[in-house]
Amino acid sequence: PIEGLLDKRGILDKGNKTIIDELPLDYSILYEIDYEYPTQSAYFTFMTKGCTRKCAFCAVPKIETTYKPKIETLDKYKAIKERFGDQQHLLLMDNNVLASPKFPEIIDEIKALGFVNGATYVEPNQLDIAIKNLEENYNDKAFIRRTFKLLDGFEKRIRNELEKEQFVKTVKEHQLNDPKKITKENILKAYPLIKEIYEKRRNKVPKKRYVDFNQGTDARYVTDELMQKMSEIPINPLRIAFDYLAMKKQYVSAIHLAAKHGIARMSNYLLYNFVDKPEDLYERMKINVDLSEELNITVYSFPMKYIPLYGEEAKNREYVGKNWNKKFIRSIRAIINVTKGIVTSERSFFEKAFGGNLKEYFEILYMPESYIVYRKLFEKDLEYTSIWVKQFRALDEDELEEAKEIIKKDDFKNFETQSNNPKVLELLKHYQVINKNEISKIYKEEPEKRLKILKEKYDKLIKEDMFVNLTLTYDFDGSMDEQ
């Protein structure tokens with residue numbers, strides 16, 4: 001990594017006069033690929049650079065070594081609007097915007113850009129924008145693909161039969177409906193014939209605009225005055241970092257101030273797997289649930305796993321903090337993968353996912369991973385979760401400690417060799433994880449038949465001899481969706 005800001009000429013290439021930090025983003029690269037970026041219509045930029053803190057878990061002070069309290073944004077905003085059209089949202093990548101003594105000026109500038117409370121946005125004519133860029137020879141590959149996507153299926157929006165017939169005929173005759181045959185030349189020829197129809201029938205419904213300080217804000221800098229200023233823009237969601245339990249007082253105060261000034265939706269970052277303990281994560285998530293109920297607002301938790309910045313441990317995502325273990329890390333990941341990374345503030349859902357208290361929370365962390373991911377299947381349809389809970393709670397103190405140490409290692413391929421205790425071995429049978437592809441088919445084709453087959457298979461696994469070879473596959477490393 002290059003340390004320091006890219007705010008001077010020649011940092012990357014000697015003699016080059018370009019100042020990297022002043023360049024507007026090139027949105028056209030998003031049109032060159034099949035993947036659709038989740039937040040496409042937004043101004044991505046910075047109002048500040050760097051951070052005033054020196055947190056041991058963070059790369060920012062090591063890469064952006066200088067804190068700049070105000071970055072000029074207006075020229076980049078104008079350049080993006082001119083080239084790619086107006087954008088709906090404002091997504092700011094500042095690492096610690098509240099540390100800036102110029103924060104009131106930043107808010108005023110955001111408002112000047114059109115992001116005020118109640119502001120709405122009407123999408124500009126995207127076909128006109130694509131044509132303009134093709135005429136100016138700006139990334140032909142991207143805007144040819146962009147044009148195809150804009151026209152593909154557009155006839156469904158056209159109710160007038162004569163207009164629809166003209167549109168479909170023009171698109172077909174100029175081969176604009178075939179991604180392999182569409183050309184810039186034919187696009188420019190066809191455009192005058194469909195221009196008015198496209199403008200007439202395109203989506204012009206006003207949409208709300210939002211501002212998102214995407215990297216989160218620092219609760220330790222929050223004051224009543226700053227939060228009042230923040231409330232002058234359509235901030236949604238507000239993100240406040242809750243990196244460790246010791247900052248509870250400042251964090252809770254910041255949430256109260258946000259609620260006081262009418263900011264009612266938050267999605268807050270919770271660091272875990274650093275020097276914290278597993279129970280610290282639960283307590284922080286529960287604080288967000290409690291605050292949501294107390295203040296009648298929504299405070300989502302967004303747990304984020306720590307990974308080292310340097311050394312061999314930085315080369316993969318397998319690092320386990322000193323107070324954590326492999327099984328707990330996988331259990332947390334299993335839960336939040338099902339919830340798409342966000343922990344809701346709704347109490348019943350939170351308690352179902354993480355437990356109603358610390359005892360239940362730790363039971364879930366020790367629970368077989370398949371039982372966590374496929375709750376409905378193993379709780380209700382197969383009813384094996386209750387068997388596991390009964391066996392887990394039936395262990396005496398020594399047996400429980402032995403079982404926990406085995407489970408923490410998260411390696412159950414040869415579990416029968418890891419203990420001589422029959423009760424522990426009975427419990428460990430549950431950790432032979434069945435292939436997720438087999439589970440995913442249950443509710444798609446002949447569910448009753450497939451469920452019966454799976455139950456017979458699991459009955460053998462859990463209720464009969466542990467040495468029966470069931471050719472089970474431990475493969476929950478990929479994406480996990482709740483069935």
Side-chain angles (χ1 to χ4, degrees), residues 245 270 272-286 303 305-306 313 317-338 343 350-375 378-379 382-434 458 461-463 465-467 470 472-477 480:
L245 195 55
L270 278 62
Y272 71 98
N273 193 43
F274 184 49
V275 296
D276 58 304
K277 297 178 180 179
E279 52 265 41
D280 294 345
L281 176 61
Y282 179 87
E283 291 294 346
R284 284 178 287 161
M285 291 188 292
K286 185 176 180 299
K305 187 178 77 169
Y306 170 75
E313 293 173 329
R317 307 183 70 84
E318 303 304 317
Y319 174 77
V320 177
K322 66 178 183 179
N323 295 315
W324 287 77
N325 59 70
K326 288 185 178 181
K327 179 61 174 71
F328 287 4
I329 293 291
R330 289 182 66 91
S331 293
I332 293 296
R333 188 175 71 180
I335 298 169
I336 63 178
N337 274 0
V338 170
V343 179
F350 167 74
E351 292 184 351
K352 179 67 175 177
F354 290 96
N357 52 51
L358 282 175
K359 181 181 177 181
E360 292 179 5
Y361 169 66
F362 276 105
E363 278 194 357
I364 292 170
L365 295 187
Y366 282 111
M367 188 178 290
E369 191 169 340
S370 55
Y371 292 16
I372 296 173
V373 177
Y374 299 99
R375 296 256 179 131
F378 288 98
E379 275 189 13
L382 297 177
E383 299 182 341
Y384 291 134
T385 302
S386 59
I387 297 174
W388 176 87
V389 170
K390 185 177 180 180
Q391 292 176 349
F392 185 81
R393 294 177 180 176
L395 298 177
D396 64 29
E397 186 175 340
D398 292 336
E399 291 167 341
L400 185 60
E401 187 61 30
E402 180 184 357
K404 285 181 176 180
E405 289 306 310
I406 296 172
I407 295 169
K408 287 176 182 178
K409 296 175 184 176
D410 200 42
D411 183 1
F412 308 104
K413 292 177 183 177
N414 299 302
F415 74 91
E416 66 275 7
T417 67
Q418 299 183 50
S419 175
N420 294 318
N421 188 304
K423 290 173 68 177
V424 172
L425 291 175
E426 283 294 312
L427 182 76
L428 294 178
K429 289 179 185 180
H430 294 265
Y431 294 82
Q432 297 294 284
V433 182
I434 202 161
Y458 253 73
L461 171 66
I462 295 175
K463 298 179 180 179
D465 187 81
M466 72 181 69
F467 300 108
L470 299 176
L472 302 177
T473 305
Y474 192 88
D475 69 347
F476 277 83
D477 284 323
M480 297 175 287

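Quick note: residue numbers are just sequence positions, from 1. In what follows, every heavy atom counts, from backbone to side chain, and hydrogens, waters and symmetry copies are set aside.
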>> Go through it in stages, so that I can follow the logic: the residues are Asp398 and Asn421, the test is side-chain contact (heavy atoms from CB on, under 4.5 Å), and I'd like the CA-CA distance, side-chain angles, deciding distance and then a yes or no.
In response: CA-CA 11 Å; Asp398 292 336; Asn421 188 304; over 6 Å; no
> Distance from Met367 atom CE to Trp388 atom CH2, nearest 0.5 Å?
Replying inline: 5.0 Å
> Minimum heavy-atom separation for Gly355 to Tyr282, with atom names?
Replying inline: O-OH, 2.8 Å
> Is there any salt bridge (Lys or Arg N to Asp or Glu O under 4.0 Å) pair reaching into residues 350-360, and which pairs are they, with sequence neighbours excluded?
Replying inline: Arg347-Glu351, Lys352-Glu379
>> When you compare the side chain of Asp410 with that of Asn325, does any pair of heavy atoms fall below 4.5 Å?
In response: no
>> Between Asn337 (side chain only) and Ala334 (backbone N and O only), is there a donor and an acceptor less than 3.5 Å apart?
In response: no
> Taking all non-hydrogen atoms of both residues, which atom of Val424 and which atom of Glu402 are closest, and how far apart?
Replying inline: CG2-OE1, 4.0 Å
> Would you call Lys408-Glu405 a salt bridge at under 4.0 Å N-O?
Replying inline: yes
> Going by atom types only, do Lys327 and Ser331 share a side-chain donor-acceptor pair under 3.5 Å?
Replying inline: yes
> Between Tyr366 and Tyr431, does the ring centroid distance fall short of 6.0 Å?
Replying inline: no
> According to the interplanar angle, ranging from 0 to 90°, do the rings of Tyr371 and His430 count as parallel (below 30°), tilted (30 to 60°) or perpendicular (above 60°)?
Replying inline: perpendicular
> Rounded to the nearest 0.5 Å, how far apart are CG of Leu428 and CG of Asn414?
Replying inline: 12.0 Å
>> Distance check, rounded to the nearest 0.5 Å: Arg375 atom CZ versus Ser370 atom OG?
In response: 11.5 Å
> Above 12 or not: heavy atoms from other molecules or residues under 6.0 Å from CG of Asn420?
Replying inline: no
> Taking Lys305 for the side chain and Val320 for the main chain, is one N or O donor matched with an acceptor at less than 3.5 Å?
Replying inline: no
>> Donor-acceptor pair, distance only, cut-off 3.5 Å: does the side chain of Ser419 make one with the backbone of Leu425?
In response: no
> Hey, mind stepping through Phe354 and Ile336 against side-chain contact (heavy atoms from CB on, under 4.5 Å) and telling me if it holds?
Replying inline: CA-CA 10 Å; Phe354 290 96; Ile336 63 178; 4.2 Å; yes
> Would you say the side chain of Glu399 lies within less than 4.5 Å of the side chain of Leu427, judging by non-hydrogen atoms?
Replying inline: no
>> As a quick check of understanding, evaluate side-chain contact (heavy atoms from CB on, under 4.5 Å) for Leu400 and Phe392, giving each step before the final call.
In response: CA-CA 7 Å; Leu400 185 60; Phe392 185 81; 3.7 Å; yes
>> Can you tell me how the ring of Tyr306 sits relative to the ring of Tyr319, calling it parallel under 30°, perpendicular over 60° and tilted otherwise?
In response: perpendicular
> Shortest non-hydrogen contact from Trp324 to Pro278?
Replying inline: CZ2-CA, 3.4 Å
>> Holding to side-chain hydrogen bond (donor to acceptor under 3.5 Å, both in side chains), I want the full list of residues that pass it with Gln418, two or more places apart in sequence or in another chain.
In response: none
>> To the nearest 0.5 Å, what is the distance between CD1 on Ile364 and OG1 on Thr385?
In response: 10.5 Å
> Could you go step by step and tell me if Ile407 and Lys404 meet the side-chain contact (heavy atoms from CB on, under 4.5 Å) rule?
Replying inline: CA-CA 5 Å; Ile407 295 169; Lys404 285 181 176 180; 5.6 Å; no
> Can you check whether Leu270 reaches Leu281 side chain to side chain, under 4.5 Å on heavy atoms?
Replying inline: yes
> Can you tell me how far the CD atom of Glu401 sits from the CD1 atom of Ile406, to the nearest 0.5 Å?
Replying inline: 11.0 Å
> Can you tell me if Arg393 uses its side chain to pair, donor with acceptor, with the backbone of Lys390 under 3.5 Å?
Replying inline: no
> Does Phe362 have any ring pair (Phe, Tyr, Trp, His ring centres under 6.0 Å) partners at least two apart in sequence or in another chain, and if so, which?
Replying inline: Phe328
> Hey, does the side chain of Arg333 reach the backbone of Ile329 with a donor-acceptor pair shorter than 3.5 angstrom?
Replying inline: no
> Looking at side-chain heavy atoms only, is the closest gap between Val343 and Phe350 below 4.5 Å?
Replying inline: yes
> Closest approach of Glu283 and Leu358, non-hydrogen atoms and distance?
Replying inline: OE2-CD1, 3.7 Å
>> Working to the nearest 0.5 angstrom, can you tell me the gap between Lys277 NZ and Leu245 CG?
In response: 10.5 Å
